[in-house]
Each structure stands twice: as C-alpha cells, then as structure tokens.
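Structure record follows, encoded as structure tokens.
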Amino acid sequence: MSGSQLWDDVDFYFSSHLAPDDEALQAALRDSEAAGLPHIAVTAPQGKFLQLLAQIQGARNILEIGTLGGYSTIWLGRSLPVDGRLISLEYNAKHADVATRNIARAGLERIVEVRVGPALESLPKLADENPAPFDLVFIDADKENNRHYVEWALRLSRAGSLIVLDNVVRGGRIIDADSAAPDIVGTRAAIDLIASHPRLTGTAVQTVGSKGYDGFALARVLG
C-alpha cells in the first residue's frame, strides 16, 4: 500500500468514527465540486479539530479568512452558541455564493456572515466597526499575505484568543529560506512574526492525510 493510500484510509477511519459528515456537510462538498471550486477544503478530522478548538475556547466570536465553499465555516459555526457570530471573508464572489447557500442549508445563516472582497480591504472595514474581539481566527487564504493576516488577527483579538494558520508546511518547501515563491515568503514571514511578537506564543504541527503532507501553526494571544 502506498503512503498516500494509507493516509487516505487512516483519514477515513478517523472520519467515520470521530467526525462523520452529515447531509449538510456532504452537500457542501458536492456543491463545491459541482461549481468547480478547487479541492482544497479541510478534511473532516481537520474540521472537527477546528470545532473542538472553538468549543474549548468557549468561542462566541469567530473570524475566518478564506471561506471557499463554506465547509470549514460549517464546522466552526456549529461550535457557536445561538447568539454567537462568525464572519468569513472570501475574495471570490462565486465561491462566496456557493458558501452562502451551503451555510444556509446547514441552518447557520443567522450567525454566519460571508463578506466578499480582498481580505486586506475587508479587514480594515471590519476594524472600523469596532467589533467584539474574536476568540478564534482561522486563516486559510492566499498564503503570500499570511503575515498581514496574522497581524490583523492579533489586532482584532484579545488576550487568550487563538489564531490558526493553515497550510504552513507547503509540502516541506517551508524550510527553503532562499525561495522567492510568494506562498513560501508569506508563510515564513508569518512564522517569523509568531516567533518574535511579544504578544504571541505558538507552535506548528506537521500533518499527513487525504490532502497530502502539510500542517498548521497555532498561536495564542498573550496579554
């Protein structure tokens, strides 16, 4: 058995036992695929992990940067109380339209809002609204802007908030200090920021699974 097939099989085992998809989640993936969205949504175990993080946090306000088809949004939205709030920022209007329908099907339209446009334009507008601090920020968007997204996450959060930065391993390319690839430059800058900022403490975890070899960074906002 190949390594990738084994990773798929292990993911299926954990998904079926610990993070089974229901109809709303399955439909979100089906509709995303039918609409031609890239096959880059989190896996079911990863979605359940995000949900558990939010629940452990007692999160009432969540910010997601990068909606895609709303699969991760549904996992996160289900962690919130009925008066909670999740704002998800999506660059692509087509993706946002698919996500909005998927979120409504999951019954989360009252607590989830998808905002369309470049995140680095949406984030200043969001800050101008003086929202309640976000308890958890999930960043899964264009990787070249990862450092900027972490900076905004820090600005919009509070002491004790969690910041999750997805896809940081980049198939192992993250260790190439000489790389000029925008995704590597942006992700390394974000890791450097987490490592050096006095209000952040964090780590990174390598993962394998149905989406291959990658990983995420997790940072906690200090006082």
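Here the structure is a predicted model, which is why all the values come from computation and not from measurement. Heads up: numbering here begins at 1 and tracks the sequence.
Taking the charged nitrogens against the carboxylate oxygens, Asp135 and Arg60 have no contact shorter than 4.0 Å, which rules out a salt bridge. Ion pairing between a basic and an acidic side chain is recognised when a charged N comes within 4.0 Å of a carboxylate O; Arg155 and Glu151 show no such pairing.
Note on Leu193 and Leu154: same hydrophobic cluster, where clusters join Ile, Leu, Val, Met, Phe, Trp and Tyr whose side-chain heavy atoms are under 4.5 Å apart, directly or indirectly. No path of Ile, Leu, Val, Met, Phe, Trp and Tyr side chains, each step under 4.5 Å between heavy atoms, connects Phe216 with Tyr149, placing them in separate hydrophobic clusters. Placement of Leu80 and Leu53 within a single hydrophobic cluster is found when ILVMFWY residues are connected by side-chain heavy-atom separations under 4.5 Å, directly or transitively. No path of Ile, Leu, Val, Met, Phe, Trp and Tyr side chains, each step under 4.5 Å between heavy atoms, connects Val169 with Val164, placing them in separate hydrophobic clusters. Side-chain heavy atoms closer than 4.5 Å link hydrophobic residues (I, L, V, M, F, W, Y) into clusters, and following such links, even through other members, never connects Leu156 to Leu162.
Residues Thr43 and Ser15 are not in side-chain contact: their nearest non-hydrogen atoms beyond the backbone lie 4.5 Å or more apart. Counting heavy atoms from C-beta on, the side chains of Lys125 and Ser122 never come closer than 4.5 Å. A heavy-atom distance below 4.5 Å is found between the side chains of Leu25 and Ile74. Residues Leu89 and Leu63 form a side-chain contact, since some pair of their non-hydrogen atoms from C-beta on lies under 4.5 Å apart. Between Val116 and Glu90, the closest side-chain pair of non-hydrogen atoms is not below 4.5 Å. Using a 4.5 Å cut-off on side-chain heavy atoms (C-beta onward), Val205 and Leu218 make no contact. Taking the side chain as every heavy atom from C-beta outward, Leu68 and Ile40 approach each other to under 4.5 Å. Looking at heavy atoms from C-beta onward, Val42 lies out of side-chain contact with Lys211 at the 4.5 angstrom threshold.
Minimum interatomic distance between Ile111 and Gly77 (heavy atoms only, all atoms of both residues): CD1-O, 3.6 Å. Residues Val168 and Ala204 approach most closely at CG2-CB, 4.5 Å, considering heavy atoms. Between Val185 and Ser179 the shortest heavy-atom distance is CG2-O, 3.5 Å. Between Ser79 and Ile62, the shortest heavy-atom distance links the atoms OG-CD1, 3.7 Å. For the residue pair Asp8 and Ser210, the shortest heavy atom distance occurs at OD1-CA, 3.1 Å. When all heavy atoms of Leu222 and Pro198 are compared, the pair lying nearest together is CD1-O, 3.7 Å.
Between atom CG of residue Leu50 and atom CD of residue Gln55 there is a gap of 11.0 Å, rounded to the nearest 0.5 Å. Taking CZ of Arg220 as the reference point, atom OG1 of Thr201 lies at 9.0 Å (rounded to 0.5 Å). Annotation: the span from Glu109 atom CD to Thr100 atom OG1 amounts to 10.5 Å, rounded to 0.5 Å. The CZ atom of Arg147 sits 10.0 Å away from atom CD1 of Ile194, with the distance rounded to the nearest 0.5 Å.
Using cut-offs of 30° and 60° for the angle between ring planes, the Tyr71 and Trp75 rings count as perpendicular.
For the 3.5 Å distance criterion, the side chains of Gln5 and Asp9 qualify, holding a donor opposite an acceptor. Side-chain contact of Thr73 with Glu64: a donor-acceptor pair under 3.5 Å is present, judged by distance alone.
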Problem set entry | Audit row: Leu86, Leu108, side chain to side chain contact (heavy atoms under 4.5 Å, CB included) steps and yes/no | CA-CA 10 Å; Leu86 192 161; Leu108 296 169; over 6 Å; no

For this session: Test side chain to side chain contact (heavy atoms under 4.5 Å, CB included) on Phe12 and Val10 and set out the steps.
Result: CA-CA 5 Å; Phe12 177 78; Val10 171; over 6 Å; no

For this session: For side chain to side chain contact (heavy atoms under 4.5 Å, CB included), just list the numbers for Leu76 and Phe138, CA-CA rounded to whole Å, side-chain angles, deciding distance to a tenth of an Å, and then say yes or no.
Result: CA-CA 9 Å; Leu76 285 167; Phe138 178 49; 4.1 Å; yes

Exercise. Could you walk me through whether Asp21 and Leu29 pass the side chain to side chain contact (heavy atoms under 4.5 Å, CB included) check?
Worked result: CA-CA 10 Å; Asp21 281 344; Leu29 292 177; 4.0 Å; yes

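Side-chain atoms of Asp214 come within 3.5 Å of backbone atoms of Arg170 as a donor-acceptor pair (strictly under, hydrogens ignored). Judged by distance alone, with hydrogens and angles left aside, the side-chain atoms of Lys94 form no donor-acceptor pair with the main-chain N or O of Leu37 at under 3.5 Å. With hydrogens and angles disregarded, no donor-acceptor distance shorter than 3.5 Å links the side chain of Glu33 to the backbone of Arg30. Using modelled atom types, no side-chain atom of Asp140 and backbone atom of Gly66 make a donor-acceptor pair closer than 3.5 Å. A donor-acceptor pair under 3.5 Å links the side-chain atoms of Asp22 to the main chain of Ala24, judged by distance alone. Between the side chain of Ser161 and the main chain of Phe134, a donor-acceptor pair closer than 3.5 Å is present. Counting only distance, with no hydrogens or angles, the side chain of Lys143 and the backbone of Pro182 share no donor-acceptor pair below 3.5 Å.
The local environment of CZ in Arg158 is crowded, with over 12 non-hydrogen atoms from other residues, nucleotides or ligands closer than 6.0 Å.
Residue pairs meeting the side-chain hydrogen bond (donor to acceptor under 3.5 Å, both in side chains) criterion with at least one partner in residues 184-197, sequence neighbours excluded, are Asn146-Thr187. Screening residues 154-181 for ring pair (Phe, Tyr, Trp, His ring centres under 6.0 Å) gives no qualifying pairs among residues at least two apart or on separate chains.
Here Glu113 pairs with Arg85, Arg115 under the salt bridge (charged side-chain N to carboxylate O under 4.0 Å, His left out) rule; sequence neighbours left out.
Under the side chain to side chain contact (heavy atoms under 4.5 Å, CB included) rule, Asn145 has a single partner from Leu120, Asp183, Ile139, which is Leu120.
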